[in-house]
Amino acid sequence: MKPKFPIITIYKLQGLEIINDDIALRNVSTLSFLSQSKAEYKIYDSNGKIWTLEFINNHIKTNFITRFLANTFYNPIVKVDLEWEEKGVYNLNKLKNDIYICIDKDDDILTQYEEASVIKNAISNSNTFDDILFTLNKYIFDVNEEELWKEQEKV
């Protein structure tokens, strides 16, 4: 079993990402593999379910030398298998609140094209998962800067 894509991932209530399919997750840095923690990720799918994810690779040794190298100068990309675990269902307000926290903690990465208040207001007015995806893409991930400038000029 795996989530219905696209998914919204939230890392430590700071990192926010939209992932359209699991192909993007199948290659990770050795350091990411070694430092993964299910508790640090919340994964929201488009069917209203929340998930955790574990990267699996039985060929990577989790010893001191591998950790040292990955943290210094040798951090290769490795192929991983994905182990999904469904944690239950969520309501849209839970997802919205987690996104608000990410935006509030942001250091001008999520808010580089639009003010936090505008993004949060648009999220607040979203009634479906797809509405939230549209808003996140419009203001954060798939930004048409010219279109946003025209909107800002109207205000």
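Counting all heavy atoms, side chain and backbone alike, D131 lies closest to T128 at N-OG1, 3.0 Å. Residues P6 and L133 share a closest heavy-atom pair of CG-CD1, 3.4 Å. Of all the heavy atoms in K2 and D22, the pair that sits closest is NZ-OD2, 3.2 Å. Residue D108 comes nearest to Q112 through the heavy atom pair O-CB, 3.4 Å, listed as atom of the first residue, atom of the second, then distance.
In this structure, D45 contributes its side chain and K4 its backbone to a donor-acceptor pair below 3.5 Å. In this structure, N75 contributes its side chain and T30 its backbone to a donor-acceptor pair below 3.5 Å. Using modelled atom types, one side-chain atom of T72 and one backbone atom of F68 make a donor-acceptor pair closer than 3.5 Å. A donor-acceptor pair is defined here as one N or O able to donate and one able to accept, closer than 3.5 Å; such a pair exists between the side chain of K96 and the backbone of S126. Checking side-chain atoms of N47 against main-chain N and O of K49 turns up no donor-acceptor pair under 3.5 Å.
Residue I43 is not grouped with residue I123 when hydrophobic side chains (ILVMFWY) are merged at heavy-atom distances under 4.5 angstrom, including chains of intermediate members. F64 and L31 are not part of a single hydrophobic cluster, where members link through side-chain heavy atoms under 4.5 Å apart. In the hydrophobic clustering of ILVMFWY residues, with side-chain heavy atoms under 4.5 Å counting as a link, I119 and Y44 come out together. Hydrophobic clustering (side-chain heavy atoms under 4.5 Å, transitive across Ile, Leu, Val, Met, Phe, Trp, Tyr) keeps I19 apart from F141. By the criterion of side-chain heavy atoms lying less than 4.5 angstrom apart, applied directly or through intervening Ile, Leu, Val, Met, Phe, Trp or Tyr residues, I23 is not grouped with I7; the two fall into different hydrophobic clusters.
Once rounded to the nearest 0.5 Å, the distance linking CG of N58 with CD1 of I56 reads 7.0 Å. Distance check, rounded to the nearest 0.5 Å: CD1 of I99 to CG of L136 gives 5.0 Å. Taking CG of L13 as the reference point, atom SG of C102 lies at 6.0 Å (rounded to 0.5 Å). Here the OH atom belonging to Y74 is positioned 13.5 Å from the CD1 atom belonging to I65, to the nearest 0.5 angstrom. Interatomic distance, S29 OG to L34 CG, rounded to the nearest 0.5 Å: 8.5 Å. Here the CD1-CG distance, from I140 to L16, works out to 5.5 Å after rounding to the nearest 0.5 Å.
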- Query: Does the ring pair (Phe, Tyr, Trp, His ring centres under 6.0 Å) test come out yes or no for F33 and F55, once each step is laid out?
  - Reply: CA-CA 6 Å; F33 175 81; F55 301 128; 7.2 Å; no
- Query: Should V80 and N27 be marked as a side chain to side chain contact (heavy atoms under 4.5 Å, CB included) after you check the CA-CA gap, both sets of side-chain angles, and the distance that decides it?
  - Reply: CA-CA 6 Å; V80 294; N27 295 300; over 6 Å; no
- Does the pair Y90 and F129 meet the rule for a side chain to side chain contact (heavy atoms under 4.5 Å, CB included), with working shown? CA-CA 11 Å; Y90 68 90; F129 184 88; 3.1 Å; yes
- Go through I77 and V28 one step at a time and tell me if the side chain to side chain contact (heavy atoms under 4.5 Å, CB included) criterion holds. CA-CA 5 Å; I77 301 297; V28 300; over 6 Å; no
- Would you please test Y139 and Y113 for ring pair (Phe, Tyr, Trp, His ring centres under 6.0 Å) and show each step? CA-CA 6 Å; Y139 293 117; Y113 299 107; over 10 Å; no
- Determine, stepwise, if the pair D104 / K120 fulfils salt bridge (charged side-chain N to carboxylate O under 4.0 Å, His left out). CA-CA 9 Å; D104 288 339; K120 288 168 65 174; 2.7 Å; yes
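Other residues, nucleotides and ligands place no more than 12 heavy atoms under 6.0 Å from the CD atom of E146. Around the CG atom of N63, the shell of radius 6.0 Å holds more than 12 heavy atoms that belong to other residues, nucleotides or ligands.
Donor-acceptor pairing under 3.5 Å is lacking for the side chains of N121 and S124.
When each of E114, E147, E151 is paired with K138, the side-chain hydrogen bond (donor to acceptor under 3.5 Å, both in side chains) condition holds for E151 and for no other.
A heavy-atom distance below 4.5 Å is not found between the side chains of I50 and V89. Put simply, the side chain of P3 reaches to within 4.5 Å of the side chain of W84, judged on heavy atoms. Taking 4.5 Å as the limit, every side-chain heavy atom of R26 sits out of range of all side-chain heavy atoms of K79. Proximity of Y41 to E54: side-chain heavy atoms (C-beta onward) are nowhere separated by under 4.5 Å. At least one side-chain heavy atom of D98 sits less than 4.5 Å from a side-chain heavy atom of K42.
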